[in-house]
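Just so you know, these numbers come straight off a predicted model, no measurement behind them. First the proteins, then the strands, lettered A, B, ... as listed; each starts at 1.
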Amino acid sequence: MSNNKGIPARAENYSEWYNELVKKADLAEHSAVKGCMVIKPYGYAIWEKMQAQLDKIFKDTGHSNAYFPLFVPKSFLEKEEGHAEGFAKECAVVTHYRLKADPNEKGKLIADPDSRLDEELIVRPTSEAVIWNTYRNWIQSYRDLPLLINQWANVVRWEMRTRLFLRTTEFLWQEGHTAHATKAEAIEETERMLHVYAEFAEKHLAVPVIRGIKTENEKFAGAETTYCIEALMQNGWALQAGTSHFLGQNFAKAFDVRFTTREGTQDLVWGTSWGVSTRLMGALIMAHSDDEGLVLPPGLAPIQVVIVPIYRSEEELARVTAQALEIKAELQKAGISVRYDDRDTLRPGFKFAEWELKGVPVRLALGPKDLDNGTIEVARRDLKTKEVLPLATVAQHVPTLLAAIHDQIYTKALTYRDSHITPVNSYDEFKQVLETKGGFIAAHWDGDFATADRIKDETKATIRCIPLGNPAELGTCMVTGRPSQQRVLFARAY
RNA sequence: CGGGGUGUAGCGCAGCCCGGUUAGCGUACCUGGUUUGGGACCAGGUGGUCGCAGGUUCGAAUCCUGCCACCCCGACCA
């Protein structure tokens, strides 16, 4: 069953619903380059809002932005063993720096064999290597610490399978890289940024997340500990929405980054790194949107309020426009972004449908009847309800309404999430819940990665995390029957 | 890398099996008019190297060979 906006229903084909929504809502499209997307203006506007809001939080927590090279010499990547192993399989490699006309085929270009690089350059899959190599020069004394740097950048990971926003070959992100004098301080920073991400997800994206720690085999290549936030999508699949890594002294060792302590001794620096990416766009889309289109939290909506004029004649249009512009100005004064949709080739119904598809939180419709009655129609995207309100109250009402919309979509997502954390005590029950209900499943696991692999092979579910503050609970592994100290969260995941 | 699919107007597609006027439909776009409180209608019009290369043929979007690209499913994925 298809709706009138040309998007399949979620229940019918979730994956296709997502793809079509991304395209129809004008967020992004596939590019001519395999695995790479074009982020269109409307989608990019949302990303810019995320960036701006996150960037402010980073700065408020003491971080500064900097920029490091796109290319990483191969030898840098080799230095931290775990890191190298983890990323080797998905790196784009630059081998030449020049093209020339193909002597065998007119009009074609080939890499000039004379321009082969002595050392190959890797297009960064992440920047630890190049940054820690730089930090060696920046850090001499405990007085240089902590060093709190963030970078907004693009990275490339040559994944075999891509999906718009969720996993693309090239993606945009921010990566924080900090250096500290003590282990405790570095862990504190790792946890601080995890909480920054969690609050950002909940307060800005309106997406509830579980804060947790990755198991050893799921952690970042090169990290001691990986913290993560895990969100739940409407199809019952989990999505890792952000990670914060405690790097220990691994990169300091690999790049020989030492500092002189207050006591005059030499010590290796402790590190962290943390990142969120355009994947958050995917989380945002999948967490809230419905079969009619996008549903955006007001704080991230490029257009928060759209005003649609209703009129029959030029004269009516003039009257409606005068009133609409007054409302627009009033709302803008309150910091709300407003679009007055006076496109004259489209009828109101078309505009209603289009703005719903694009997830504009509040729609105001203003026509001659309203002018006569001193009213205005106010429609909210999240609940698809509308009411007619006195014109005089609308400017006061809208900010309250926007806040209510945020709360509503957050609460809805939270209710869904909370009702989809299911404890199970047997493997059969586990499989059954996975098939019928999805979501997070809290189960006992023996701590053996062979067991986790077996579960993954048999059910496609992986351990998402061990939640922070997870209660100790003695039990037995649902698969092997061996003893377990606590439940961990499993789910199928993007 | 395996399996499947697609490539024809900006977008979405038909035509291909079974070769034959000027390559069609929807939508979008342009012009004029009527419309406008939930995706308007009428009339006229613009827009095409049919993915690329070669072959068969009097004649190729259609048949043959080769190649390329992208998408979907899987494997893979801090």
Side-chain angles (χ1 to χ4, degrees), chain A residues 3-6 13 15-16 18-20 23-24 26 29-37 80 82-91 105 107-108 125-128 155 157-164 166-169 171 173 175 213-228 239-240 242-247 273-277 279 292-293 308-314 316-317 320 341-357 363-373 375-377 379 384 386 388 456-457 460 462 465 493-494:
Chain A
N3 65 21
N4 60 0
K5 292 192 179 74
N13 186 336
S15 166
E16 202 184 323
Y18 174 79
N19 274 331
E20 286 304 309
K23 285 182 259 192
K24 295 251 159 65
D26 244 355
E29 62 188 30
H30 291 288
S31 71
V33 186
K34 183 184 173 63
C36 297
M37 64 177 168
E80 212 291 327
H83 190 60
E85 259 176 47
F87 284 105
K89 298 188 300 290
E90 53 193 45
C91 287
E105 206 176 345
K108 299 291 179 186
T126 179
S127 301
E128 275 79 3
V155 289
R157 295 182 187 180
W158 215 275
E159 306 278 3
M160 291 170 182
R161 180 108 163 74
T162 58
R163 281 164 173 278
L164 292 170
L166 297 174
R167 178 174 289 108
T168 47
T169 301
F171 57 93
W173 76 344
E175 45 181 328
I213 294 179
K214 288 288 185 190
T215 54
E216 284 295 304
N217 58 336
E218 296 270 350
K219 74 180 185 185
F220 175 74
E224 291 287 307
T225 313
T226 288
Y227 294 71
C228 62
L239 179 74
Q240 177 181 298
T243 48
S244 183
H245 315 291
F246 169 59
L247 303 176
S273 68
W274 27 274
V276 295
S277 70
R279 179 179 246 208
E292 307 298 318
V308 177
I310 316 283
Y311 56 92
R312 286 166 203 282
S313 63
E314 287 296 315
E316 276 180 358
L317 175 61
V320 169
D341 186 0
D342 60 350
R343 290 176 293 174
D344 63 0
T345 53
L346 301 172
R347 293 167 50 155
F350 184 92
K351 295 177 185 177
F352 292 171
E354 178 173 291
W355 295 120
E356 273 164 15
L357 179 59
R363 183 187 74 228
L364 305 177
L366 191 65
K369 272 189 258 168
D370 294 304
L371 294 184
D372 294 344
N373 302 335
T375 59
I376 188 163
E377 183 187 274
K384 284 175 275 183
K386 47 188 180 184
V388 176
K456 186 183 172 186
D457 286 347
K460 291 181 185 144
T462 51
C465 68
Y494 282 101

Identify, with sequence neighbours excluded, every residue that meets side chain to side chain donor-acceptor pair (under 3.5 Å) alongside Thr226(A). His245(A)
State which residue, out of Lys384(A), Lys24(A), Arg363(A), Lys351(A), fulfils the salt bridge (Lys or Arg N to Asp or Glu O under 4.0 Å) condition with Glu356(A). Arg363(A)
Given RNA chain B, 5'-ward residue of the pair Pro309(A) and Trp173(A), judged by closest heavy atom: Pro309(A)
Heavy atoms of other groups near Arg343(A) CZ, more than 12 under 6.0 Å: yes
At under 4.0 Å between heavy atoms, how does the protein contact nucleotides 40-45 of chain B? Give one character per nucleotide, 5' to 3', with B, S or -. B-----
Rounded distance (Å) that lies between atom P of rG38(B) and atom CG of Asp341(A): 15 Å
Reckon His30(A) has a side-chain N or O less than 4.0 Å from the OP1 or OP2 of rC71(B)? yes
Please report, rounded to the nearest Å, how far the C1' atom of rA75(B) is from the CZ atom of Arg167(A). 13 Å
Dot-bracket for RNA chain B, 5' to 3', with Watson-Crick and G-U pairs under 3.5 Å, [ ] for crossing pairs and | for other-strand pairs: what is it? (((((((..((((......[...)))).((((((.....)))))).....(((((..]....))))))))))))....
Over how many whole Å does the gap from Arg163(A) atom CZ to rC71(B) atom C1' extend? 12 Å
Taking only the side-chain nitrogens and oxygens of Asn19(A), find out if one of them lies under 4.0 Å from OP1 or OP2 of rC71(B). no
Using atom CG of Asp344(A) as one end and atom P of rU34(B) as the other, report the distance to the nearest whole Å. 14 Å
Rounded to whole angstroms, how far apart are NZ on Lys384(A) and C1' on rG39(B)? 16 Å
Phe220(A) and ring-ring contact (aromatic ring centres under 6.0 Å, His included): which single residue from Trp274(A), Tyr227(A), Phe87(A) fits? Phe87(A)
Taking side chain to side chain donor-acceptor pair (under 3.5 Å) as the definition, give me every residue that meets it alongside Glu224(A), ordered by chain and number, with sequence neighbours left out. Asn250(A)
Quick one: list whatever passes ring pair (Phe, Tyr, Trp, His ring centres under 6.0 Å) with Trp173(A), sequence neighbours left out. Phe171(A)
Would you mind telling me which of rG38(B), rC77(B), rG37(B) lies closest to the side-chain atoms of Lys456(A)? rC77(B)
Taking atom C1' of rC77(B) as reference, at what distance in whole Å does atom CD of Gln240(A) sit? 10 Å
Nearest-angstrom distance from the residue atom CH2 of Trp355(A) to C1' of rG38(B): 16 Å
Nucleotide rU36(B), atom P - distance to NZ of Lys369(A) in whole Å: 12 Å
Considering every strand and a 4.0 Å limit on heavy-atom distances, what is the contact class for Ser15(A): base, sugar-phosphate, or nothing? sugar-phosphate
N/O contacts under 3.5 Å, protein versus nucleotides 3-8 of chain B?
none

Heavy atoms only, 4.0 Å cut-off, all strands: where does Ala32(A) land among base, sugar-phosphate and nothing? sugar-phosphate
